[in-house]
Amino acid sequence: MTATLHPAIRTAEPEPAEYRAAVEALEERGRFGMRLGLTRIRALLRALGHPERGLRGALVAGTNGKGSVIALCSAAIRAAGYRVGETPKPHLVSYRERLVVDGRPIAPEAFARLFADVAPVADRVARRYGPPTEFEFLTAMIFRWLAEAGIDVALVEVGIGGRLDATHAWDGGVAVVTNVDLDHTDRLGTTVTAIAREKAAIIMRGDRAVTGATGAALGVVRRRADRLGVPLSIVEPAPILGWDRDGLDVALPRLGPTRVGLRGRHQAANAAVADAVLDALEAAGIARVAAEARRVGFAAARWPGRLELLEVVGRRGRLDVLLDGAHNPAGAAALALALDDLRPFLAGGRVGRRRGGGFADGAGGLAAGARGAVGRAGGFAGGSAATPTGPDHSTPVVLLTATMVDKDVDGLVAALARATSLRGARVVTTTTGSERALPPAELADRWSRWLPDGIVRSVADPLRALDVALDLAEELDGPLVVAGSLYLVGLVRGALVGVPGEEAGSEPELGRADGRGGSLDQRDVPPAGPVDGSMGAPVEGPVGTGAVGVRAIDAGIRSSRTGGSA
């Protein structure tokens, strides 16, 4: 079977044996289940000498947008010359992505060593408090690693809720609630108000707080901050000036027109929250990020697997693969809107239709006037931005999707099916390989009901499903969208590109020019990309089993991959 897979599907190189053993042992702790509470993690951190106490930064909770806010803040803080630690979750390809310093995941050997250091301490804690869960163990590893790395700013993402999440054992000085919607209702409550109480609990006396919450949720957050005497910044989405296939332009207070290297209108809200978080970090005396560093960082920000655009070079030419981990109705609704906005810029759209592997409409596939050029200083060289009007349906979209059985599947499918770009789509349903995954045939039945004009089929094996979806997209000369589960997105990204931060062609971050503390100089931050909207040079030359390769546009890399079985 594997010999006939699409040539863009690559074989991943195995991680070192000691790392694989550490991950297996860590995941084995999943048998203890998800047990929210702070007793075990506090005991574990105490036994490790409280590595978290030397760390300052932001603890970020919220239903959606946590990762995007952290990605934006991290890029800007690094552009200002600081050393930044991040804790993205869940991981896409490798468990190492959950421990990131200056945009690079922890090395396999360091991960294995950290696990070996924490394991005997966790066993001692277990004798009195019960065995730490997988996430509690990982949280202890994270804080120990960030302390060892000597970072300047920690950006820590809450797992579930906030009040009883293991990350809440740490207070970095800034507390963030991006927004509140219904998710994890079995653990957090069945109303937005109840969930907001769980998330707002991360706000502690002495903090600075930021939120983009609205309605009843905002009332909960505001009351928590008022009760503790915490200054609270309440932000609204930034006005949108325009967008293209590589991001959007917004207007931010004091910054003016600002380029954001993340896709989707919802990023206007995340950019506003991120900007306010940077203000809060400065007010707390943690980091000062000047306007120019914010512009550079926001333009350079990348968030793998979330409206991430890859260019796959296949048998007939190039095709666009859009990855998004939307796994709840709110995320699916945001993806539906973003897909309609992006459709004219993708393969087979009105703007940028490809001929012979090139672009018919000029650099980057952007028709003249599709967006005003953004100057390097953040101003508009070409006046106000404009966007194409409405989605394009000249070629059908191919959707590869999977979801978990414990999600609001009907809500997710209904929200995503509202995208007019999916009319007449070819839908391939599959699984993630997890026991929690909804059987592909059941998911196909849901899609057939919500998208009656589409053509739906199920393929049980996810790699075979990816193969089918890539072939369909090539045949139709349209884009492939992968969505519905971050686990599926991670599997696809791993098969096409690899581990975020370690894609072929990417360079490790360098230290400051002045050598201080290993922090980054602004010149070391990845460039925001060409100001004229061009995509850069394509992959050149034959690669692997054919003229195939992948360009991860979001990472600013042009990487070839050796073909073969997967």
Taking Asp152 for the side chain and Arg83 for the main chain, is one N or O donor matched with an acceptor at less than 3.5 Å? yes
Between Asp410 and Arg446, does any NZ, NE, NH1 or NH2 come within less than 4.0 Å of an OD or OE carboxylate oxygen? yes
Using a 4.5 Å cut-off on heavy atoms from C-beta on, say whether the side chain of Thr403 contacts that of Leu412. yes
With a 3.5 Å distance limit and no angle check, can you tell me whether Arg40 reaches the backbone of Val125 through a side-chain donor-acceptor pair? no
Which atoms form the tightest heavy-atom contact between Pro329 and Ala415, and what is the distance? O-CB, 3.6 Å
Counting neighbours of CZ on Phe111 that are heavy atoms of other residues, nucleotides or ligands and sit closer than 6.0 Å, is the number greater than 12? yes
Is a side-chain donor or acceptor of Trp170 paired with a backbone partner of Phe143 at a separation under 3.5 angstrom? no
Give the minimum heavy-atom separation between Ala238 and Val250, together with the two atoms involved. CB-CB, 3.9 Å
Sidechain-backbone polar pair: Arg56 side chain, Ala284 backbone, donor-acceptor under 3.5 Å: yes
Inspect the contact between Lys199 and Asp181 and indicate whether a charged nitrogen and a carboxylate oxygen are less than 4.0 angstrom apart. no
4.5 Å side-chain heavy-atom contact, Pro132 and Ile41: no
Under 4.5 Å between any side-chain heavy atoms of His327 and Tyr487, yes or no? no
Can you tell me if Glu148 has over 12 outside heavy atoms packed within less than 6.0 Å of its CD? yes
Side chain proximity check, Leu45 to Arg53, heavy atoms < 4.5 angstrom: no
Residues which pass side-chain contact (heavy atoms from CB on, under 4.5 Å) with Asn64, listed by chain and number, not counting sequence neighbours: Asn179, Asn328, Ala330
Met204 side chain near His168 side chain, heavy-atom distance below 4.5 Å: yes
Under 3.5 Å, side chain of Arg224 to main-chain N/O of Ile203, donor-acceptor pair present? yes
Which heavy-atom pair separates Thr139 from Ala166 by the least distance, and what is that distance? OG1-CB, 3.8 Å
Which heavy atom in Leu342 sits nearest to a heavy atom in Arg245, and how many Å separate them? CD2-CA, 3.9 Å
With no hydrogens and no angle check, is any side-chain donor or acceptor of Arg493 less than 3.5 Å from a backbone partner on Val93? no
Using a strict cut-off of less than 4.0 Å between a Lys/Arg side-chain nitrogen and an Asp/Glu carboxylate oxygen, indicate whether Asp340 and Arg265 qualify as a salt bridge. no
Lys/Arg N to Asp/Glu carboxylate O, Arg113 vs Asp117, below 4.0 Å: yes
Quick one: pull up CG in Asp341 and CD1 in Ile240 and give me the separation to the nearest 0.5 Å. 8.0 Å
Please tell me if the side chains of Asp275 and Leu255 come closer than 4.5 Å, counting only heavy atoms from C-beta onward. yes
Should Tyr82 and Arg288 be marked as a side-chain contact (heavy atoms from CB on, under 4.5 Å) after you check the CA-CA gap, both sets of side-chain angles, and the distance that decides it? CA-CA 9 Å; Tyr82 295 95; Arg288 182 181 182 276; 4.1 Å; yes
Main-chain N/O of Ala483 paired to Thr401 side chain as donor or acceptor, under 3.5 Å: yes
Between Thr167 and Glu157, which heavy-atom pair has the shortest distance, and what is it? CG2-O, 3.6 Å
Check: Phe115 ring centre within less than 6.0 Å of Tyr19 ring centre: no
Tell me if a side-chain donor or acceptor on Glu97 pairs with a main-chain N or O of Pro500 at a distance below 3.5 Å. no
Counting only N and O atoms by type, is there a donor-acceptor contact under 3.5 Å from the side chain of Thr258 to the main-chain atoms of Gly256? yes
Are Asp249 and Arg259 within salt-bridge range, i.e. N to O under 4.0 Å? yes
Check whether Glu136 reaches the backbone of Thr133 with its side chain - one donor and one acceptor, N or O, closer than 3.5 Å. yes
